[in-house]
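What follows is a short report on a single structure.
All values below were derived from every heavy atom in this structure, side-chain atoms included, with hydrogens, water molecules and symmetry-related copies excluded.
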Amino acid sequence: MRDLLAPKAVAQTALAAHQLRFEIDGETKVDLPYLALEDEGPTMILGANGAGKSLTLRLLHGLLTPARGRVSTPATRQAMVFQKPVLLRRSVLANMDYALRAAGVSRAKRRAVALDFLNEAGLAGKARQAARTLSGGEQQRLALVRALATDPEILFLDEPTSSLDPSATQAIETILLRASAQGTRIVMVTHDLGQARRLGREILFLHHGKLVCQQPADTFFKAPDHPAAAGFLRGDLPL
Ligand SMILES: Nc1ncnc2c1ncn2[C@@H]1O[C@H](COP(=O)(O)OP(=O)(O)OP(=O)(O)O)[C@@H](O)[C@H]1O
Ligand SMILES: [Mg+2]
């Protein structure tokens, strides 16, 4: 009786995919009958090269049109950070300003907000520098805080630290953990298992375009639901 009366924590769905399929030249590359991402993250997406991680991320973000199926989400603001940062040929500050303007932040507020985020990324001292002359790690930090400055409800990231050194990677992870704690739903592809353990609350494992594991991170690393994931964790070459 008590249980019936106790308020239930209702898991909210941040994003769901239904019967989602993506094809290239008639060949199915992603096949997701059903996927629900609950409100709480981060979700880390793992899988071998060519498993369909990047395509899946782009489909979920709406950058690709599926052959069939659909993605539903109550989130109105989403952003994506790519493996190679895409920055404007302008100053660091102008890159921030452009994103903030697009997000509808008033001119009066933009400068202060931009500097706040640059500060968080350790880039306030480089505000006037041309963005494309930043180092790789600095560019990726800029791409990340530029995405966060638009206050996305969901943030997709495709291997954002794959070419970064350990300290630059750590800087990115710190920013991501803070954003996650502040309520940004993070969905991220990585090849770095340590990073997946450090950041992930939930793991998705893709195999030949199909979702074969969706598990809490600690469970996944102890006992993955699919032999392909077990092999991947052991470092076997994928079949
Ligand atoms: N534009 C395209 N034209 C043809 N095939 C493509 C295209 N984009 C992706 N593919 C193929 O779809 C499959 C999935 O690609 P995807 O980029 O999603 O893999 P991934 O899991 O992100 O791999 P990686 O770990 O190497 O980044 C691969 O076999 C890839 O060759
Ligand atoms: Mg990829």
Mind listing the closest non-hydrogen atom pair of A217 and G200 along with its distance?
CB-O, 3.3 Å
Run the numbers on F82 and R58 for side chain to side chain contact (heavy atoms under 4.5 Å, CB included), then give the verdict.
CA-CA 10 Å; F82 298 89; R58 285 171 152 82; 3.8 Å; yes
Look only at the side chain of R185 and the backbone of E38, and say whether a donor-acceptor pair between them is shorter than 3.5 Å.
yes
Side chains of T76 and E153 only: does a donor on one sit below 3.5 Å from an acceptor on the other?
yes
Heavy atoms from other residues, nucleotides or ligands near CD of Q170 exceed 12 (cutoff 6.0 Å)
no
For a side chain to side chain contact (heavy atoms under 4.5 Å, CB included) check, start with the C-alpha distance between L35 and L60, then their side-chain angles and the critical distance, and finish with the verdict.
CA-CA 10 Å; L35 165 68; L60 297 180; 4.1 Å; yes
Quick one: does any side-chain atom of H61 pair with a main-chain N or O of L63 as donor and acceptor, under 3.5 Å?
no
Give me the atom names and distance for the closest heavy-atom approach of V145 to A121.
CG1-CB, 3.7 Å
Just how far is it from atom CG of L164 to atom CD of E138, taken to the nearest 0.5 Å?
10.5 Å
Rounded to the nearest 0.5 Å, what separates atom CG in L59 from atom CG in L64?
5.0 Å
Could you report the tightest heavy-atom contact between Q215 and D225, atom names first, then the distance?
OE1-N, 2.7 Å
Heavy atoms of T73 and I154 approach each other most closely as OG1-CD1, 3.7 Å
Q140 side, atom CD; L157 side, atom CG - distance, nearest 0.5 Å:
8.0 Å
Would you name the heavy atoms of S72 and H18 that are closest together and state the gap between them?
OG-NE2, 3.1 Å
What's the verdict on side chain to side chain contact (heavy atoms under 4.5 Å, CB included) for M96 and V113, showing C-alpha distance, side-chain angles and the deciding distance?
CA-CA 9 Å; M96 293 298 292; V113 174; over 6 Å; no
Whether the side chain of K126 engages the backbone of A131 through a donor-acceptor N/O pair (distance < 3.5 Å, no angle test) should be reported.
no
Step-by-step side chain to side chain contact (heavy atoms under 4.5 Å, CB included) determination, L144 to L176:
CA-CA 9 Å; L144 175 55; L176 285 175; 3.8 Å; yes
Can any side-chain N or O of R21 pair as donor or acceptor with the backbone N or O of D31 at less than 3.5 Å?
no
Working to the nearest 0.5 angstrom, can you tell me the gap between I175 CD1 and E120 CD?
5.0 Å
Judged by atom type as modelled, is there a donor-acceptor pair below 3.5 Å linking the side chain of K53 to the main-chain atoms of G47?
yes
Report whether L88 and V92 are members of the same hydrophobic cluster (ILVMFWY, side-chain heavy atoms less than 4.5 Å apart, transitive linking).
no
Has F221 got more than 12 heavy atoms of other residues, nucleotides or ligands less than 6.0 Å from its CZ?
yes
Side chain to side chain, P224 and L233, heavy atoms closer than 4.5 Å
yes
Are L37 and M80 connected, step by step, through hydrophobic side chains (Ile, Leu, Val, Met, Phe, Trp, Tyr) whose heavy atoms are closer than 4.5 Å?
yes
Distance-only donor-acceptor check, side chains Q195 and T161, under 3.5 Å
yes
Verify same cluster id: L46, M188 (apolar side-chain graph, 4.5 Å):
yes
Taking V105's backbone N and O only, do any of them form a donor-acceptor pair with R110's side chain (distance below 3.5 Å, no angle check)?
yes
Can you check whether L100 reaches R111 side chain to side chain, under 4.5 Å on heavy atoms?
no
Taking the side chain from T169 and the backbone from D165, do they hold a donor-acceptor pair closer than 3.5 Å?
yes
Between CG of L199 and CE of M44, what distance do you get to the nearest 0.5 Å?
4.5 Å
Below 4.5 Å, heavy atoms only, C-beta onward: do I203 and T219 meet side chain to side chain?
no
With a 3.5 Å distance limit and no angle check, can you tell me whether Q83 reaches the backbone of E159 through a side-chain donor-acceptor pair?
no
D192 and T190: side-chain donor and acceptor closer than 3.5 Å?
no
Are L15 and L211 linked, directly or through other ILVMFWY residues, by side chains that come within less than 4.5 angstrom of each other?
yes
If you group Ile, Leu, Val, Met, Phe, Trp and Tyr by side-chain heavy-atom gaps below 4.5 Å, do L148 and L177 land in one group?
yes
Test side chain to side chain contact (heavy atoms under 4.5 Å, CB included), reference Q139, set V86, L123, L87, T133, output is L87
Just verifying a value: how many Å separate H226 NE2 and H207 NE2, rounded to the nearest 0.5 Å?
5.5 Å
Can you name the closest pair of heavy atoms from R146 and N95 and give their distance?
NH1-OD1, 3.0 Å
